[in-house]
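Shown next, in structure tokens, is the structure this report addresses.
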Amino acid sequence: MYNTRLEEKTGSAAKRWKDGDKKKMFGGAGAAAAGIRSFVLCAVLVLAAGIVSNCSGGSDGGSGPPAPIPINTASGWSDSPSISRDGQRLYFMYSRYDFGPWIISGTPPVLSGPDRPGLHHSANPWDESDIYMAVRNPDGTWSEAVNLGLNGASGDSSGMEIDGGNTFIWLHGSGAGNDIVMASKAPDGTWNIPVNPGPGINDHTAGVFQDNPHLSPDGKGLWFTSNRAGGVDKRDIWFSLYTGSWSTPVNMGSPFNTTGEEDQIWSAPTGTTPEIYWNASEGLKRCTWNGSTCAEASPEIVTIPGCSYAAEVSMTDDGQYLYFGCGDPATGRVKIMYSVKQPGGSWGQATPVD
């Protein structure tokens, strides 16, 4: 179990990587690529070949304009994907640093990735990450990603929208810790000042963290991950309800939380069979959501062909497209991918978004 945390020293990128999130996924620095842990940012099955397509960015050396930088770059780090509910906007975090070598062998992250427009720079690799947004083109491809404009001087990650992109929630680094914050758009399209939901959500007790927020479509339900007191064990999923202010978070309990580690919940509460997905030590889990818990006695483990472990999943509201991060245990790198639901209800081949 990798419990090392730098969240009280650095920004959200440090919290996500240095605390072992990616390290857990691949078996840890110096560890054999085997075993089980949870989520692309927390513990997982390790082994089994992961992702396999290569992308390259930058210009071709000619005199024309530089080539657009893809979402999945050949170097640097793209991670924490989140699809809008209508499937038209894809959010992710990016850093120029390649954390693969650190995940595999513990060597320092390498400054090697392209410099996306608007990216804030830091000499501290754990403190450099911004959230970007790509828009779906008419032909189904993705536009070149743009900086969301909500990023601070420390790491920002784990963001998602509601309300057609007019409200955004994410994990914001301050250089001294990490907070879940929210922002809404002003009439002119700019973002209002981020709002901190308060100490009930953001617990700064020594050694405590909060991460991976998820809002219900109406903005009144908030799920997030924390290791705060009162949990089942280790990293658990918590819930808070907004009724003029955010209620004291409650632990989701069984079957969501176990003595293992749970994280990165996504609810799709629309249609006749609302679903809820989350990451656990055993892998990606799902169940039918009945409004308060799983309708089934036991959640199922989700398998996606072509990805040994999918994490940080998000889904379009039609329930047909699942987006996630998928890792390559040989290189330690993560690629943003998607899968299409098959007629029988299973998920199809994992495919890179670009």
Side-chain angles (χ1 to χ4, degrees), residues 13 16-17 22 25 40-41 49-84 87-101 103 109-121 125 128-151 155-161 165 304 306-307 310-314 316 321-328 330-340 348-354:
R16 303 178 88 26
W17 296 308
K22 289 298 180 295
M25 176 180 182
V40 141
L41 285 97
I51 41 185
V52 284
S53 83
N54 295 320
C55 297
S56 59
S59 71
D60 60 5
S63 59
I69 299 174
I71 294 169
N72 289 310
T73 53
S75 55
W77 197 264
S78 297
D79 199 355
S80 300
S82 176
I83 190 70
S84 63
Q88 297 303 302
R89 293 167 297 283
L90 179 62
Y91 302 91
F92 63 98
M93 54 104 355
Y94 178 74
S95 171
R96 296 172 301 160
Y97 290 91
D98 183 350
F99 291 83
I103 292 168
V110 178
L111 181 60
S112 60
D115 188 7
R116 292 186 189 273
L119 178 70
H120 91 273
H121 296 170
E128 179 182 297
S129 64
D130 281 355
I131 298 173
Y132 280 78
M133 179 186 72
V135 176
R136 192 180 295 279
N137 295 318
D139 64 359
T141 60
W142 292 101
S143 70
E144 184 170 15
V146 298
N147 192 292
L148 194 57
L150 285 169
N151 301 293
D156 293 87
S157 59
S158 301
M160 69 163 289
E161 67 157 67
I304 301 176
C307 181
E312 292 195 89
V313 303
S314 57
T316 54
Y321 297 91
L322 193 70
Y323 287 74
F324 49 91
C326 184
D328 183 345
T331 65
R333 290 184 56 76
V334 170
K335 184 162 286 190
I336 297 173
M337 308 183 84
Y338 73 96
S339 176
V340 180
Q349 182 73 23
T351 304
V353 296
D354 60 4

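Side chains included, hydrogens not; waters and symmetry mates left out as well; all remaining heavy atoms used. Computed from a prediction, not measured in an experiment: that's the story for all the values here.
For the atom pair OG (S314) and CG (L322), the distance works out to 7.0 Å, reported to the nearest 0.5 Å. Between the CD atom in E161 and the CD1 atom in I83 there is a gap of 8.5 Å [rounded to 0.5 Å]. Rounding to the nearest 0.5 Å gives a distance of 8.0 Å between CG of L90 and OG of S82. Interatomic distance, CG of D98 versus CH2 of W77, reported as 6.5 Å (0.5 Å rounding). Distance CE/M337 to OG1/T351: 6.0 Å, rounded to 0.5 Å.
In terms of the side-chain contact (heavy atoms from CB on, under 4.5 Å) criterion, residue partners of S339 (sequence neighbours excluded) are, by chain and number, I304, F324, W347. Partners of Y91 by ring-ring contact (aromatic ring centres under 6.0 Å, His included), not counting sequence neighbours, listed by chain and number: F168. With sequence neighbours left out, the side-chain contact (heavy atoms from CB on, under 4.5 Å) criterion links E144 to P68, I69. Every residue two or more places apart in sequence or in another chain was checked for a ring-ring contact (aromatic ring centres under 6.0 Å, His included) with Y97, and none qualifies. Residues forming a ring-ring contact (aromatic ring centres under 6.0 Å, His included) with Y132 (at least two apart in sequence, or on another chain): none. Under the salt bridge (Lys or Arg N to Asp or Glu O under 4.0 Å) criterion, R96 pairs with E128, not counting sequence neighbours. When the side-chain contact (heavy atoms from CB on, under 4.5 Å) test is applied to T331, the partners found at least two apart in sequence or on another chain are D328, R333.
Nearest heavy atom pair, residue A134 against residue I71, reads CB-CD1, 3.9 Å. Counting all heavy atoms, side chain and backbone alike, N72 lies closest to V353 at ND2-CG2, 3.6 Å. The heavy-atom pair separating G325 from P81 by the smallest distance is N-CG, 3.7 Å. Closest heavy-atom contact between N147 and L119: ND2-N, 4.0 Å. Between S75 and P114, the shortest heavy-atom contact is O-CD, 3.8 Å. For R116 against P70, the heavy-atom pair with the smallest separation is NH2-O, 2.7 Å.
Although no hydrogens or angles enter the test, the distance criterion places a donor-acceptor pair under 3.5 Å between the side chain of S143 and the main chain of V135. The backbone N or O of G87 lies less than 3.5 Å from a partner atom in the side chain of R136, making a donor-acceptor pair.
Using a 4.5 Å heavy-atom cutoff, the side chains of L111 and P125 are not in contact. A 4.5 Å side-chain heavy-atom check between D354 and W142 finds every atom pair outside the cut-off. Proximity of S158 to E312: side-chain heavy atoms (C-beta onward) are separated by under 4.5 Å at one or more points.
Residues H120 and D156 have side chains that never bring a donor and an acceptor to within less than 3.5 angstrom of each other.
Below 30°, between 30° and 60°, or above 60°: for Y338 and Y321 the angle between ring planes is between 30° and 60°, a tilted geometry.
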